[in-house]
Amino acid sequence: MRGISLQLLLIFVLLLLCLKPTVENHLGVRDAIQGCIEQERQALLKIKEDLIDDYGHLSSWSTEEKKKDCCKWRGVYCSNQTGNVIMLKLNALTFPPKPLRGKLNPFLIELQYLTYLDVSFNDFNHTQIPEFIGSLSNLRYLNLSSATFGRNIPFQLGNLSRLQYLDLGENHFNNPENLEWLPQLSSLRYLAMSFVNLSKVNNWLQVVNKLPHLTSLYLHSCDLPNIFSIPLVNSSTSLDVLDLSHNHLTSSSSVLEWLFNSNTSVFKLYLNENQFHGLIPDAFSKMNSLAHLYLGDNEFEGGIPKTFGGVCNLKTLSLSRNNLSGQLLEFIQNLTECANHSIEALYLDWNHIVGSLPDLTIFPLLRELRLSNNRLNGTIPESFGKLSNLESLYLGDNSLRGVISEHHFSKLTKLKKLYLSNTSLVFNLSSDWVPPFQLDKIYLTSCHLGSRFPKWLQTQKNLYWLDISNSGISDTISNFYWVFSPQLEYMDLSYNQITGQIANLSLEFYFPPAIDLGSNKLEGKIPRFMFKAIHLDLSNNMFSGPIQSLCAISIRNLSCLDLSNNQLSGELPDCWMHLEELKILNLANNHFHGKIPSTMGSLLGIETLDLGNNSFIGELPSSLKNCTELTFINLGHNNLSGQLPMWLGTSNPNLVVLNLRSNHLYGSMPSHLCHLAHLQLLDLALNQISGSIPKCLNNLTLLTQKLSSNATITHLYEEDFSRTSKDRAYDDHVFWMWKGREYEYKGILGLVKSIDLSSNKLTGTIPVEIMELAGLISLNLSKNLLSGQISSNIGALLSLEVMDLSKNQLLGGIPSSLSRILGLSFLDLSNNNLSGQIPTGPQLNTFTATAYEGNPGLCGAPLPKNCSGEETTQNSNKRNEHDGKQDDEDGFITLGFYVSVALGFFAGFWGVFGTLVLKRSLQLAFFKCLNDFKDWLYVAISVNMTRLQRQLQKLIGVAIRL
Ligand SMILES: *[C@@H]1O[C@H](CO)[C@@H](O)[C@H](O)[C@H]1NC(C)=O
Ligand SMILES: *[C@@H]1O[C@H](CO)[C@@H](O)[C@H](O)[C@H]1NC(C)=O
Ligand SMILES: *[C@@H]1O[C@H](CO)[C@@H](O)[C@H](O)[C@H]1NC(C)=O
Ligand SMILES: *[C@@H]1O[C@H](CO)[C@@H](O)[C@H](O)[C@H]1NC(C)=O
């Protein structure tokens, strides 16, 4: 798993950093020779000249007399016999990285005795690795990784015949055509080329085979081509560590064959994140030295071959995220020959394993057990409490039930991570229980923890992550223990029944930067200290009073603030210029009044501004045009007045949702709106907008696209490496009108593509350009003064499910192309001046007379008036019944639509995960309230549409397991 290897890298880095002083002391002793060689000193000074040293790493590299001895310069190590520079460690391994920039000066080759060169983690600005490095013929160790080198890898590196260690990973090279220089490095023991795109190097296996001494090979994420005929294997390689993870290797390639035939000495094998399928080959168990086997994120099926039980050194067996199925007991039995005595880490999470949990004490060394996200049922045996080496236990997302007692933890003194979320486990622990462990991560979402806050949590002094959301707690918040370990990053108590007021605690306390208390029954004022957070979710409670204390905080890190659905009131405070980090602000559904402060325009990074359903008055502050990152604006259901601002559309090019519904805005629709290529939801209904509908709406690119879009504004800010915990995300709440009811969506869906301009004073015709919006699901232009004919092209709105053009002054016939819109499930053309025969078609025939009434000139079914002038005897009663039923079901979204959502979610899910890991590798802060995961389609549908929600979840569940 890439996550794990990055973690390892990090640990390695930290170790190196810790060890460095010792290394320096050891090598710094130079009693035989005093001072360095002048020529080499000059060369080093030249090298320094070409480096931009933003962080003063090279400040000791100086011409000053007292600093003359270059052997004492930072990163320079000389031979204690000859005084020659033998090591140069210029790696910028800090946290976060503090790179040197610039280029490597050719004077480097003056350092002919160099055996060790490390320039990793610097920034060479996509320049080529200098060819002259190939002349440093004494080099044994060369680390050029993560140094932003670009262009081509110089073949001159092949001259380094003494090289034992070479790391070229994580740079930005052009895809190499071949690696013919590589076999010349006949002394090479360690080779890392992770993230170098080797897709054109079809003979990579042959090349690798020609390196007789190679013991470690890292080709993670190299886009390795599959090889379909086994290369001439006469290889003497005896690899210890082989990392081929995150490529696109398949079972039909010969890689496994090569591996099994010539690499029986492998100790650590990473084949995770590939496309291996079928049964897990028995042959792995013939690799006598195998201790760590990573096969996660593949498509393996079936179980674990029984022969694995005979691999007596096996320590790690990772099979996460495959398609394994079968009884858990059988999996365990297949490992019991001797492997059970050595296995320390067993990952079987995210498979389709069934059955109940057996006694696992036959795995005495087990440190990490992951069985989460399977189909296990039954209870957790108390014998788990005897697994005294257990550090991490992941059993969540299974149908486990039963009671968890103190016995389950009796000997788990080393336990650090406990993941039991989304089970039906009932915790029955005595209130004075003192656990034997100190956990750092607790995930107990949707467990039954009892109505009181679990007291034992107070004993946990190293907590980093605490998620006890939706766990049935109905205690008062005054019983909550607000003393946290200073490591605590995240605390989630949401979706409980917690009552009471939060005390106004001292600001001196440590508070976790991310707090989610949403969906409880908390009341009273929001205490000042809470605004110290980075992510604060207090939505869906009964908090009241003003929020002026927001301005009383001096440390303002707030990045995500969700106070929606409370009873907060008063005017908004006016200190927004101090909240530079704010990306998400949701104050919707409260009782705020007054004007929207103009300082909100200084929230330059804000992406989501949701002030809907309050009592704001006045005009939209023009300063909002500075907020160019906005993707979501909801100011609907307020008392805003004034003209529709002209800057809408020019200043916020990324807008996806623009909701100004139900205000007192007037003026005409600015044609700049058409610049909003990402716009999905435009709701200007219930205002006093006049003039005509702009003709350029066909420029709303996203609405012209039929496929459900990827444009979404879910803001993801944390994920767990294990991918077993739920990702933390903020989803914008979208309110969407449907048949006179407003539905709330969380997470904007690629599917909500809607224009609602109803109940305004729009005049003129419906522009034909609107007919190009082939992705539009809902179009509501009712209750305006629109005139003219309905374009005969209306049938081009192929995605339309809802069309309401009622109560206008439309003329002429109903275009027969309407019958092409097969998904149309709601149609209202009533109360216009339409005339002629009503077209028919499979979908159109489902509508009743109400869709057409109030148009004196219309005739034909389902209207009673037939076109020859006689009353028809249509069975209109029956049709009405049918219509009524449809209404109750809110059946507006078709199955195809669910499926596309679920698939979109599936595709997006992986995309995002990739991005996340990459970001993490750049050492970004854990809590970034949001990242630009515009490509993620996260679907969670409103509470008042539980039926839909259930179906979607089912489908999403299916999609994830696909
Ligand atoms: C000099 O280096 C050699 C190995 O290179 C080592 O054995 C010896 O102890 C070192 N001498 C001193 C004085 O550090
Ligand atoms: C990086 O390279 C680009 C073009 O190759 C150049 O414009 C830029 O100035 C360079 N930056 C530094 C810091 O050298
Ligand atoms: C157990 O091993 C047998 C023999 O290798 C295999 O056929 C079966 O699928 C395995 N079962 C499980 C659940 O691992
Ligand atoms: C677990 O599920 C299986 C299949 O659905 C069922 O036969 C079995 O009785 C269940 N076991 C328990 C302990 O609930």
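All values derive from a computational prediction rather than experimental measurement. Indexing begins at 1, ligand by ligand and atom by atom, following the structure's order.
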- Query: Please state which protein non-hydrogen atom is closest to atom 1 (C) of ligand 4 and give its distance, to 0.1 Å?
  - Reply: N377 ND2, 1.4 Å
- Note on the structure: shortest atom 2 (O) of ligand 3-to-protein heavy-atom contact is with N334 ND2, 2.2 Å
- Please name the residue in the list W433, F384, W456 that meets the ring pair (Phe, Tyr, Trp, His ring centres under 6.0 Å) test with F409. W433
- Query: Does the protein put any heavy atom within less than 4.0 Å of atom 11 (N) of ligand 4?
  - Reply: yes
- Considering only protein heavy atoms, determine whether one is less than 4.0 Å from atom 5 (O) of ligand 4. no
- Note on the structure: For G378, the ligand 4 atoms with a heavy-atom partner under 4.0 Å come out as 13 (C)
- Query: Short N/O distance, under 3.5 Å, between E330 and ligand 3?
  - Reply: yes
- Message: Are any of the N/O atoms on T307, whether in the backbone or the side chain, positioned under 3.5 angstrom from an N/O atom of ligand 3?
- Response: no
- Any non-hydrogen atom of P305 lying under 4.0 Å from ligand 3? yes
- Query: Any non-hydrogen atom of G303 lying under 4.0 Å from ligand 3?
  - Reply: yes
- Note on the structure: dist L224:CG -> H248:NE2 (nearest 0.5 Å) comes out at 9.0 Å
If we count only N and O atoms by modelled type, under 3.5 Å, do the side chains of [X] and [Y] hold a donor and an acceptor together?
X	Y	result
S221	H246	yes
H292	T316	yes
S342	N313	no

- Item | Sole candidate of N520, N496, N479 that passes side chain to side chain contact (heavy atoms under 4.5 Å, CB included) when paired with I473 | N496
- Note on the structure: Quick note on ligand 3: atoms under 4.0 Å from a heavy atom of I304 include exactly 1 (C), 2 (O), 10 (C), 12 (C), 14 (O)
- Note on the structure: Within 4.0 Å of some non-hydrogen atom of K306, the atoms of ligand 3 are 2 (O), 4 (C), 5 (O)
- Query: In terms of side-chain geometry, is the basic nitrogen of E391 or K416 positioned less than 4.0 Å from the acidic oxygen of its partner?
  - Reply: no
- Query: Is the closest basic N to carboxylate O distance between K417 and D440 below 4.0 Å?
  - Reply: yes
